[in-house]
Participant: 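One structure, as structure tokens, below. Some questions next.
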Amino acid sequence: MAALPILCYPDPRLHTVAKPVVAVNDAVRQLVADMAQTMYEAPGIGLAATQVDVHQQVIVIDLSDERDQLQAFINPEIIWSSEEKKVWQEGCLSVPDFFDEVLRPSEIKVRALNLDGKSFEIHADGLLAVCIQHEMDHLKGKVFVEYLSPLKRMRIAGKLKKKTKAGAL
């Protein structure tokens with residue numbers, strides 16, 4: 001396993017739409033392992049392949065305190081979402097040190113492939129539902145700050161560009 005570099009907003013590669021995984025093979029399983037290590041070291045609770053400049057539909061999530069309940073979603077798709085919405089405070093490994101509220105469906109049902117290439121479905125609510133939706137947005141080329149006002153986005157982008165130039169990221 002190897003930790004991968006995480007793209008930082010406003011890097012234009014974060015807006016690349018990920019392509020479906022054609023076959024779940026050893027290369028995809030290695031990507032998942034590398035993404036998991038990257039997420040754990042960051043530290044974070046979710047990571048999309050887009051964030052590590054791999055434009056395939058792969059996300060990893062681990063909400064456990066022990067960091068031992070890794071979930072991989074390959075070619076995830078939301079097949080149902082609740083009409084009820086909830087506001088959550090979100091952050092992102094690609095937008096370090098910035099958090100803001102985002103309104104999303106409070107419950108979702110997701111279909112994806114596992115590491116064996118087998119299809120599965122899960123019903124998610126709470127933080128898991130938020131995390132899945134957040135990571136799936138990355139696969140569509142969308143970063144959570146795009147839910148914020150244009151002024152907030154500009155301020156965040158400016159601050160992150162300064163930090164990058166200063167070598168703080």
Participant: Heavy-atom distance under 4.5 Å between the side chains of S81 and E107, does that happen here?
Facilitator: no

Participant: Side chains of I61 and I59, heavy atoms from C-beta outward: is any pair under 4.5 Å?
Facilitator: yes

Participant: Measure the shortest side-chain to side-chain distance between Q56 and V21 over non-hydrogen atoms and say whether it is less than 4.5 angstrom.
Facilitator: yes

Participant: Answer yes or no: is there a side-chain heavy-atom contact under 4.5 Å between V17 and L139?
Facilitator: no

Participant: If we only count heavy atoms from C-beta on, is the E121 to V110 side-chain gap below 4.5 Å?
Facilitator: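 Not touching, per the 4.5 Å side-chain cut-off.
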
Participant: Are V60 and Q71 side-chain neighbours, meaning at least one heavy-atom pair lies under 4.5 Å?
Facilitator: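 With C-beta onward as the side chain, the pair stays apart.
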
Participant: With side chain to side chain contact (heavy atoms under 4.5 Å, CB included) as the criterion, how do V87 and V102 come out once you've worked through the C-alpha distance, each side chain's angles and the decisive distance to 0.1 Å?
Facilitator: CA-CA 5 Å; V87 173; V102 177; over 6 Å; no

Participant: Kindly assign one of parallel, tilted or perpendicular to the pair H15 and Y9, based on the angle between their ring planes and the thresholds 30° and 60°.
Facilitator: perpendicular

Participant: Out of E90, K85, K86, which one pairs with R104 under the side-chain contact (heavy atoms from CB on, under 4.5 Å) rule?
Facilitator: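 Exactly one option meets the side-chain contact (heavy atoms from CB on, under 4.5 Å) with R104, and it is E90.
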
Participant: Tell me, please, whether Y147 has K142 positioned over its six-membered ring: NZ or CZ under 6.0 Å from the ring centre and within 45 degrees of its axis?
Facilitator: yes

Participant: Sub-3.5 Å donor-acceptor pair from the side chain of Q37 to the main-chain atoms of D34, do we have one?
Facilitator: no

Participant: For residues I132 and I122, determine if any side-chain heavy atom of one lies less than 4.5 Å from a side-chain heavy atom of the other.
Facilitator: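 Side chain of I132 against side chain of I122, heavy atoms only: contact under 4.5 Å found.
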
Participant: Side chains of V95 and L160: does their closest heavy-atom pair fall under 4.5 Å?
Facilitator: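 In contact.
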
Participant: Looking at D11 and R13, does any basic side-chain N land under 4.0 Å from a carboxylate oxygen?
Facilitator: yes

Participant: Assess whether atom CZ of R67 is packed by more than 12 heavy atoms of other residues, nucleotides or ligands within 6.0 Å.
Facilitator: yes

